Number of protein chains: 2
Amino acid sequence: MKGKFTYDYPRAALTTDCVVFGFDGENLKILLIKRGIEPYQGKWALPGGFMRIEETTDQCAQRELKEETGVSGVFMRQIQTFSSLNRDPRGRVVSVAYYALINPTLFNSIVITAGDDAADARWFNLEDVVSVKFLAFDHQIIIDTAIEKLRQEIRHYPIAFELMDERFTIKQLQTVYESILDKRFDRGNFHKKMVGTSANSIEFKMEVNNVMEDILYYNRPRKELKKNTGILIDTGEVVSGVKHKPAKIYRFDRSRFEELVRNSDFTFDF
Amino acid sequence: MKGKFTYDYPRAALTTDCVVFGFDGENLKILLIKRGIEPYQGKWALPGGFMRIEETTDQCAQRELKEETGVSGVFMRQIQTFSSLNRDPRGRVVSVAYYALINPTLFNSIVITAGDDAADARWFNLEDVVSVKFLAFDHQIIIDTAIEKLRQEIRHYPIAFELMDERFTIKQLQTVYESILDKRFDRGNFHKKMVGTSANSIEFKMEVNNVMEDILYYNRPRKELKKNTGILIDTGEVVSGVKHKPAKIYRFDRSRFEELVRNSDFTFDF
DNA sequence: CCAAAAGTGTTCTTTATACACCCATGT
DNA sequence: ACATGGGTGTATAAAGAACACTTTTGG
């Protein structure tokens with residue numbers, strides 16, 4: 001079986017690595033695998049592995065994640081390709097990096113499938129994985145790039161919902177944004193922006209210097225102009241068992257979102 | 001020399017392809033190469049080629065562009081990696097795609113270096129290359145992805161300057177934005193936003209119903225509050241030989257821009 | 001009733017948009 | 001002088017930010 005495949009020119013090996021993000025309700029987490037074999041045996045690394053000749057890199061990333069965690073059909077986006085000359089001691093290995101977003105249901109269903117190269121797996125808090133030096137290969141750089149990419153994308157695309165259950169409260173959504181962007185939002189403003197109501201201006205008459213004049217009074221709410229993008233749908237249900245006003249439960253209307261993007265210069269920016 | 005390199009498992013070949021954008025002062029252009037060899041001989045394709053084992057994909061993209069056009073040290077960014085199973089008739093070829101931005105000086109210095117695989121080269125207008133079907137491989141998809149990426153990035157990063165000479169007028173800058181985003185901007189507003197002055201609010205007293213009151217009057221320009229980000233530096237020079245008020249010539253202050261990004265939540269969005 | 005968090009309203013500030021006006025130049 | 005496009009100002013609209021008020025639940 002050795003040396004079966006020959007080429008006229010040397011070829012690099014192709015791998016995929018995947019930065020798996022999960023959300024436990026409070027913090028953003030990253031899944032790491034403890035390597036069971038050399039190189040970097042015993043070190044923590046990203047799930048991933050060599051691309052087979054009959055699959056795309058997308059399929060490879062999905063397959064490797066399934067082999068090592070048991071989850072499939074995961075939301076995944078390509079980050080970029082890493083090709084430093086000495087990034088792998090086994091030789092010339094080029095890796096296409098992905099990030100994956102895991103919703104709570106999948107998050108809880110993950111079972112560590114013991115295998116050749118996976119001795120253990122664990123969810124790490126973001127702050128424990130950023131700028132530390134215990135990772136295999138160039139996986140520290142890949143993770144830092146992934147976080148940057150995730151932060152960029154959540155500011156412009158509705159990917160936060162991939163980290164949440166289909167039904168959620170605005171407060172939960174806000175927590176996802178806050179933990180990814182590492183930034184606090186005003187509760188009321190976040191609520192209004194997400195649900196989609198906004199204030200407006202109103203004209204009224206006023207006596208100025210004993211003369212009636214039209215005065216423009218800015219930014220006073222005008223009820224009839226409140227607008228709702230309809231991106232979040234009120235399910236009519238509320239959370240129960242809390243000792244305060246129960247929060248409404250919403251779900252994300254993806255087709256409504258895509259319709260808005262198509263038919264207008266609608267943006268979804270934070 | 002044949003069959004010299006053997007591996008235990010089959011390996012895909014790795015290539016880079018580069019979408020080269022240029023600007024002729026009016027329109028955004030894309031550089032295409034007419035293929036001199038099979039496959040797709042005589043078809044137009046992106047400059048690019050096989051990665052050597054001792055170089056990174058970044059270096060490969062730069063080298064291939066230099067071999068085929070003579071220009072080096074070009075601004076280049078990775079787009080993404082394409083790995084469809086049948087994207088290349090020669091077999092399993094995975095390609096890392098880049099886009100490059102060429103400034104007018106380089107634009108005019110490009111010489112077509114006749115080689116094995118480059119029979120001819122030409123600048124195409126964007127609209128002649130989008131959604132047409134005469135390109136080799138999956139290069140149509142790569143170009144469409146590149147344009148989307150370029151549009152995304154110019155909205156948030158100061159990459160427009162890579163398409164221009166070091167010294168430029170605001171009008172020229174606007175033309176670059178307009179042709180990339182395929183959208184018209186208001187001349188005055190674009191100017192103010194770029195140079196960095198903005199209006200503000202002002203308080204003054206007014207007699208209302210025979211009583212003096214403080215009135216907040218919004219959005220009246222308050223000269224002392226005009227702010228200039230300092231990202232564009234007035235060189236003090238102006239264009240000459242035009243039969244109207246000569247435009248000021250600016251240059252981009254990259255270090256000032258990076259300082260702003262570091263020290264504040266400054267954004268550069270269009 | 002009270003505490004607590006959800007949801008809404010109010011106020012002020014800043015930015016966006018449309019367009020008008022003045023300015024400097026070559027003919 | 002005047003046509004042309006550069007540069008600045010003005011008016012209105014919309015969005016953002018800070019925070020106060022109101023509502024609904026469990027104890």
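Every chain is numbered from 1 and lettered A, B, ... according to where its sequence line falls, protein lines coming before strand lines. As the structure is a prediction and not an experimental result, all values here were calculated from the model.
Counting atom types as modelled, K171(A) pairs no side-chain N or O with a base atom of dG7(C) as donor and acceptor under 3.5 Å. Looking at R187(A), its side chain has no donor and acceptor atom pair within 3.5 Å of the base of dA5(C). At a cut-off of 3.5 angstrom, the base of dT10(D) holds at least one donor-acceptor pair with the side chain of K192(B).
Distance CG (L232(B)) to P (dG7(D)): 12 Å, rounded to an integer number of Å. One interatomic measurement links the two molecules: CG of L173(A) to P of dA6(C), which rounds to 13 Å at whole-angstrom precision. Between F168(B) atom CZ and dG6(D) atom P the separation is 15 Å, expressed in whole Å. What separates CE of M194(B) from P of dT15(C) is a distance of 16 Å, to the nearest Å. A straight line from NZ of K248(B) to P of dT25(C) spans 12 Å, rounded to a whole angstrom. Between E237(A) atom CD and dT25(D) atom P there is a gap of 15 Å when expressed in whole angstrom units. A straight line from NZ of K193(B) to P of dA16(C) spans 4 Å, rounded to a whole angstrom. Spacing between atom CZ of F190(A) and atom P of dA18(D) amounts to 15 Å, rounded to whole angstrom units.
In this structure, K193(B) forms a cation-pi arrangement with F270(B), its terminal cationic atom sitting closer than 6.0 Å to the ring centre and no more than 45° off the ring axis. For the pair R254(B) and F252(B), the cation does not sit on the ring face, since its NZ or CZ is not both under 6.0 Å from the ring centre and inside 45° of the axis.
Mapping K243(B) and Y250(B) onto DNA chain D by nearest heavy atom places K243(B) closer to the 5' end of the strand. DNA chain D is contacted by both K245(B) and N189(B); K245(B) maps to the nucleotide lying nearer its 5′ end (nearest heavy atom per residue).
In this model, the phosphate group of dG7(D) is approached by a side-chain N or O of H191(B) to a distance below 4.0 Å at OP1 or OP2.
Base contact: G188(A) has a heavy atom under 4.0 Å from a base atom.
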